[in-house]
Amino acid sequence: MAGELEGSKPLSGLLSGLAQETFHGHQGITEELLRSQLYPEVSLEEFRPFLAKMRGILKSIASADMDFNQLEAFLTAQTKKQGGITCDQAAVISKFWKSHKTKIRESLMNQSRWDSGLRGLSWRVDGKSQSRHSAHIHTPVAIMELEIGKSGQESEFLCLEFDEVKVNQLLKELSEVEESISTLMQPA
Amino acid sequence: MNKPWIRQRSEITGQTAAPKLERELVDFQWKLGMAVSSDSCRSLKYPYVSVLLKVADPSGQVKNKSFEMTIPQFQNFYRQFKEIAAVIETV
């Protein structure tokens, strides 16, 4: 029933399901699951092209990382198309993108990162120690534990030791990175 | 009578058998990149910091470890390192 598909209430749920499957890597969200949960009155033959259309629209919006002006223009064009979407549906899609944009973008960024990412960082500083029997004084040492890992893989823990000299050396390198970032981020 | 001890003992030795290796940072290389586009997203446009660490374990063997950070992650990393520097100075 075309009328069932035009309703906007289940569309929000459908878009959530599509986002989970397409961007957030959630397995097991099948066509049949979406249909039976959200559009039980609609046949699979009718549902399939509708789902494909919505998936296509969501992918286009995410791929272009549309801002709100681009989104409005794009959705308006979709409402004017033959076999496009209704104004109600456009409103639901717009609302969905506005509230899920950040999360979807984050997933897309993660999908395109193939090197390990930094998952965690912790550190401690061990103080000076002296021994009655030994003249050697242990100088302070910083111990840093980095948790790194590739998408979907177990973490690797890297434990690094730095004395004060090394800490300052690394700090200098990091400030150079920071400077580079500032230069990059400056408005053209 | 022996069984629970054997089970416990292997748990304990299992924990102490692989101590965390503290490594020395021999070299730190970095790159600031900008991801422009990908097959799943035509308009990625996000900057990232790519890091290559050369680390030496106590035996002297040097290994390369690389990873990426987003800009907010890098800024947190930098901030934490500044804290380390401040603390180590006062110790």
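So you know, we letter chains A, B, ... as the sequences are listed, proteins then strands, and number each from 1.
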(message) Please classify the contact between A:Phe23 and chain B as side chain, backbone, both or neither, with a heavy-atom cut-off of under 4.5 Å.
(response) neither
(message) For the interface with chain A, which of B:Lys31, B:Gln80, B:Glu24, B:Met34 has the highest count of heavy-atom pairs at distances below 4.5 Å?
(response) B:Gln80
(request) Answer yes if A:Met185 and B:Leu32 sit in the same cluster of Ile, Leu, Val, Met, Phe, Trp and Tyr residues linked by side chain heavy atoms under 4.5 Å apart, and no otherwise. (result) yes
(message) Quick check on the interface: out of A:Arg124, A:Glu164, A:Gln169, A:Met144, who has the most heavy-atom pairs with chain B under 4.5 Å?
(response) A:Glu164
(message) Counting only non-hydrogen atoms closer than 4.5 Å, does A:Glu176 touch chain B with its backbone (N, CA, C, O), its side chain (CB onward), both, or neither?
(response) both
(message) Under a 4.5 Å cutoff for heavy-atom pairs, which residue among A:Asn168, A:Leu184, A:Leu170 has the most contacts with chain B?
(response) A:Leu170
(request) Decide if atom CD of A:Gln27 counts as having more than 12 heavy atoms of other residues, nucleotides or ligands within a radius under 6.0 Å. (result) no
(request) Flag the one option from B:Val49, B:Leu44, B:Ile71, B:Asp39 with the top tally of heavy-atom pairs under 4.5 Å to chain A. (result) B:Leu44
(request) Can you see which heavy atom on B:Val91 is nearest to which on A:Gly127, and at what distance? (result) CG1-CA, 3.2 Å
(request) Establish whether A:Leu158 and A:Val141 are linked, either directly or via other cluster members, by ILVMFWY side-chain heavy-atom contacts under 4.5 Å. (result) no
(request) Under 4.5 Å heavy-atom distance to chain B, tell me which part of A:Gln111 shows up: side chain, backbone, both or neither. (result) side chain
(request) Among B:Phe77, B:Phe67, B:Phe28, B:Tyr48, single out the residue with the greatest number of heavy-atom pairs under 4.5 Å to chain A. (result) B:Phe67
(request) Would you mind reporting whether B:Gln75 and A:Glu178 have side-chain heavy atoms less than 4.5 Å apart? (result) yes
(request) Check each atom of B:Ser37 against the heavy atoms of chain A and say whether the ones under 4.5 Å are side chain, backbone, both or neither. (result) neither
(request) Let me know if A:Met66 has heavy atoms under 4.5 Å from chain B in its side chain, its backbone, both or neither. (result) neither
(request) Evaluate whether atom NZ of A:Lys59 has more than 12 neighbouring non-hydrogen atoms of other residues, nucleotides or ligands under 6.0 angstrom away. (result) no
(request) Rounded to the nearest 0.5 Å, what's the gap from OH on B:Tyr46 to CG on A:Asp65? Could you check? (result) 12.5 Å
(request) Give, as side chain, backbone, both or neither, the part of B:Ala85 having an atom under 4.5 angstrom from any heavy atom of chain A. (result) both
(request) Please flag which part of A:Ile143 lies under 4.5 Å from any non-hydrogen atom of chain B: side chain, backbone, both or neither. (result) side chain
(request) Measure A:Ile148 against the heavy atoms of chain B and call it side chain, backbone, both or neither at under 4.5 Å. (result) side chain
(message) If you define the side chain from C-beta out and look only at heavy atoms, does anything of A:Leu174 sit under 4.5 Å from B:Trp30?
(response) no
(message) Among B:Lys65, B:Met69, B:Glu68, which residue has the highest count of heavy-atom pairs closer than 4.5 Å to chain A?
(response) B:Glu68
(message) Using heavy-atom distances under 4.5 Å, tell me whether A:Val177 contacts chain B through its side chain, its backbone, both, or neither.
(response) both
(message) Is it the case that atom CD in A:Glu179 sees more than 12 heavy atoms from other parts of the structure closer than 6.0 Å?
(response) no
(message) Between A:Thr22 and chain B, with a heavy-atom cut-off of 4.5 Å, which part of the residue counts as in contact: side chain, backbone, both or neither?
(response) neither
(request) Mind listing the closest non-hydrogen atom pair of B:Ile88 and A:Ala142 along with its distance? (result) CD1-N, 3.8 Å
(message) With a 3.5 Å distance limit and no angle check, can you tell me whether B:Arg42 reaches the backbone of A:Ala62 through a side-chain donor-acceptor pair?
(response) no
(message) Quick check: is B:Leu52 connected to A:Leu171 through a chain of hydrophobic side chains (ILVMFWY, heavy atoms under 4.5 Å apart)?
(response) no
(message) Quick one, A:Trp123 and B:Val87 - any side-chain contact, counting heavy atoms below 4.5 Å?
(response) yes
(request) Would you indicate whether A:Lys95, at its atom NZ, is surrounded by more than 12 heavy atoms from other residues, nucleotides or ligands within a distance under 6.0 Å? (result) no
(request) Check whether any side-chain heavy atom of B:Leu53 sits under 4.5 Å from a side-chain heavy atom of A:Leu146, and report yes or no. (result) yes
(request) Decide if atom NZ of A:Lys98 counts as having more than 12 heavy atoms of other residues, nucleotides or ligands within a radius under 6.0 Å. (result) yes
(request) Heavy-atom distances under 4.5 Å only: say whether B:Ser38 touches chain A with side chain, backbone, both or neither. (result) side chain
(message) At a 4.5 Å cut-off on heavy atoms, which part of B:Leu25 comes close to chain A: side chain, backbone, both, or neither?
(response) both
(message) Has B:Gln73 got a side-chain atom pairing as donor or acceptor with A:Leu118's backbone, closer than 3.5 angstrom?
(response) yes
